[in-house]
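Hydrogens, waters and symmetry mates are skipped; everything else that's a heavy atom, side chains included, is used.
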Amino acid sequence: MQMNRRNLLKAGGALGALMLTGAGRALAAAPKLTVNTYGGLYAKAVNENFVAHYIKQTGGEAVAVVDIPSAALSKIRATMPKPDYDLYIATANDTLRAIELGLVEEIAPADLPDLVNVPEPSYAQWGNKAVSFSYGTGGFLYDTRKIPNPPRTWVEFAERTAKGEFGRAVAIPSANQAGVLEACVFPIVHAFGGTMANPDIGFKKLAAMTPYVAKFYSDMSEVVQLMATGEIAIAIYVDGRSWAFVDQNPWANFIVPEKGGTFQSSQIMKVKNSPADAWKLMNAFINADAAKGFVAMIKYPVTNTKVVYPESMKNRVTNPKDILYPPFAEIAKNTPALIERWNKEVGG
């Protein structure tokens with residue numbers, strides 16, 4: 001038998017139960033639920049809030065395991081019909097991929113009682129097979145000492161960059177940065193009236209910007225490092241990481257473009273063939289009480305509209321009317337062509 005994570009968890013759980021309660025009860029014990037998660041502070045926040053809430057409410061066992069979405073998806077496919085993970089966390093592309101492969105279950109409202117407090121686009125755009133539970137809003141992190149008058153819109157950002165107003169001190173995502181199409185290409189294409197199927201105007205603007213791009217970043221941490229050393233003055237970035245940097249560097253600030261802060265989300269899905277209790281763990285990810293500690297730790301907002309944010313975050317959570325939802329399915333459909341154009345015309 002292949003000794004994957006699922007088998008190890010089962011073996012460990014059964015052994016513990018045998019030692020403590022006897023063989024009969026071990027066979028009846030519920031399986032330990034597992035979900036993948038991003039690393040670092042995010043993993044800590046997930047385990048200490050969402051997972052802990054599930055354990056407190058149900059008495060069940062669960063754990064969030066650090067595993068990037070693409071790797072976790074591969075493991076789920078390889079271990080079907082007894083998947084390594086019961087729930088799956090992913091960004092947009094891998095969410096769509098999991099749905100396309102038929103690896104996740106459709107949501108019934110009765111399965112997720114707290115879904116009533118989540119805006120409809122957060123699940124409807126995924127065909128009711130995933131729920132966006134935490135998100136960031138894309139905008140501009142900038143050095144106020146160098147840019148006292150920041151751009152207020154995507155059009156203004158693109159045109160002022162192309163004119164050299166910010167100098168060669170701009171940072172935008174590279175083709176290797178996850179979400180480059182949603183966070184960079186789409187908002188600029190959209191702002192100038194293009195579409196993902198016809199993005200000509202957007203790529204023309206991006207090409208005009210490139211002489212002034214000091215860094216095409218493939219690691220989010222690069223942005224704050226470069227701004228701290230003065231190598232860049234403005235960057236396309238996301239609110240949570242930006243505000244954490246601003247708190248440590250009062251000369252920096254973050255601005256959400258008017259009616260255009262891009263929605264960059266993480267989704268939670270129930271993997272096919274996982275236990276019914278996985279719905280309860282999934283609901284914890286959209287529960288307002290469970291989210292309180294999560295937002296305080298991670299500094300990112302969540303989709304549940306009933307969440308009460310810490311005072312330090314209340315004025316930093318983007319109003320829903322100013323959120324721009326990328327057309328994720330359209331982006332996925334056109335991704336090969338968009339990446340090819342990026343490589344030829346933008347190059348970073």
Side-chain angles (χ1 to χ4, degrees), residues 3-39 41-67 72 75-76 79 81-90 103-118 123 129-134 266-298 302-304 306-308:
M3 189 55 70
N4 56 25
R5 180 180 290 106
R6 168 69 65 206
N7 293 327
L8 285 169
L9 286 169
K10 285 182 176 178
L15 178 59
L18 280 165
M19 292 173 65
L20 296 173
T21 62
R25 290 180 64 186
L27 292 173
K32 185 174 185 178
L33 300 178
T34 57
V35 56
N36 69 297
T37 186
Y38 316 118
L41 182 61
Y42 201 97
K44 179 179 173 68
V46 166
N47 273 302
E48 292 187 6
N49 294 283
F50 300 134
V51 173
H53 178 83
Y54 165 79
I55 293 171
K56 180 179 179 181
Q57 293 296 313
T58 68
E61 290 185 277
V63 65
V65 178
V66 175
D67 204 359
K75 291 172 185 174
I76 289 169
T79 54
K82 297 182 179 180
D84 250 9
Y85 292 107
D86 302 297
L87 295 176
Y88 177 50
I89 290 176
L103 296 175
V104 297
E105 296 185 13
E106 187 166 356
I107 299 162
D111 294 326
L112 300 176
D114 286 289
L115 195 64
V116 295
N117 298 319
V118 175
Y123 52 89
K129 292 185 176 179
V131 180
S132 301
F133 68 94
S134 86
S266 291
Q267 287 66 241
I268 183 81
M269 293 150 271
K270 182 180 182 294
V271 179
K272 279 191 173 179
N273 302 326
S274 61
D277 277 357
W279 288 119
K280 296 177 182 178
L281 178 55
M282 184 170 173
N283 191 70
F285 279 77
I286 54 171
N287 177 271
D289 290 334
K292 288 180 183 178
F294 178 84
V295 299
M297 291 174 68
I298 208 72
V302 291
T303 55
N304 187 314
K306 300 297 184 181
V307 171
V308 177

| said: For S132, is there any backbone N or O sitting under 3.5 Å from a side-chain donor or acceptor partner on T303? | reply: yes
| Between N304 and A288, which heavy-atom pair has the shortest distance, and what is it? | ND2-N, 3.5 Å
| message | Within the 4.5 Å heavy-atom criterion, are W279 and L112 side-chain neighbours or not? | response | yes
| Side-chain heavy atoms of P275 within contact of L33, under 4.5 Å | yes
| Beyond-backbone contact of E61 with I55, side-chain heavy atoms, under 4.5 angstrom | no
| query | Rounded to the nearest 0.5 Å, how far apart are OG of S274 and OH of Y85? | reply | 14.0 Å
| query | Which pairs count as salt bridge (charged side-chain N to carboxylate O under 4.0 Å, His left out) when at least one residue sits in residues 44-53, sequence neighbours excluded? | reply | K44-E48
| message | Taking the basic N atoms (NZ, or NE/NH1/NH2) and the acidic carboxylate oxygens, is any pair closer than 4.0 Å for D86 and K270? | response | no
| query | Do the side chain of N47 and the main chain of A64 share a donor and acceptor less than 3.5 angstrom apart? | reply | yes
| K129 side, atom NZ; L103 side, atom CG - distance, nearest 0.5 Å | 10.5 Å
| task | Check V51 against A62 and note the closest heavy-atom contact, atom names and distance. | result | CG1-O, 3.4 Å
| query | Are S134 and F285 close enough, and set up right, to give a side chain to side chain contact (heavy atoms under 4.5 Å, CB included), and what steps lead you there? | reply | CA-CA 9 Å; S134 86; F285 279 77; over 6 Å; no
| Does V35 reach the side chain of I89, with side-chain heavy atoms less than 4.5 Å apart? | yes
| said: Just so I know, are the side chains of V131 and L115 near enough to count as touching, which here means a heavy-atom distance under 4.5 Å? | reply: yes
| request: Nearest 0.5 Å please: distance from the CD1 atom of I286 over to the CD1 atom of I268. | output: 10.0 Å
| query | How about N273 and E105: do any of their side-chain heavy atoms sit closer than 4.5 Å? | reply | no
| Can you tell if the side chain of N283 reaches within under 4.5 Å of the side chain of P113, non-hydrogen atoms only? | yes
| T34 (side chain) donor-acceptor with D84 (main chain) under 3.5 angstrom | yes
| field | For N49 against A290, the heavy-atom pair lying closest together | value | CB-O, 3.3 Å
| request: To the nearest 0.5 angstrom, please state how far the CZ atom of F133 sits from the CE atom of M269. | output: 9.0 Å
| said: Distance check, rounded to the nearest 0.5 Å: L87 atom CG versus L281 atom CG? | reply: 4.5 Å
| query | Given side chains that start at C-beta, do those of V66 and Y38 come closer than 4.5 Å, heavy atoms only? | reply | no
| said: Once you measure the plane-to-plane angle for F294 and F50, does it fall in the parallel (<30°), tilted (30-60°) or perpendicular (>60°) bin? | reply: tilted
| field | Atom pair NE2 (H53) and CG (N287), whose distance is rounded to the nearest 0.5 Å | value | 3.5 Å
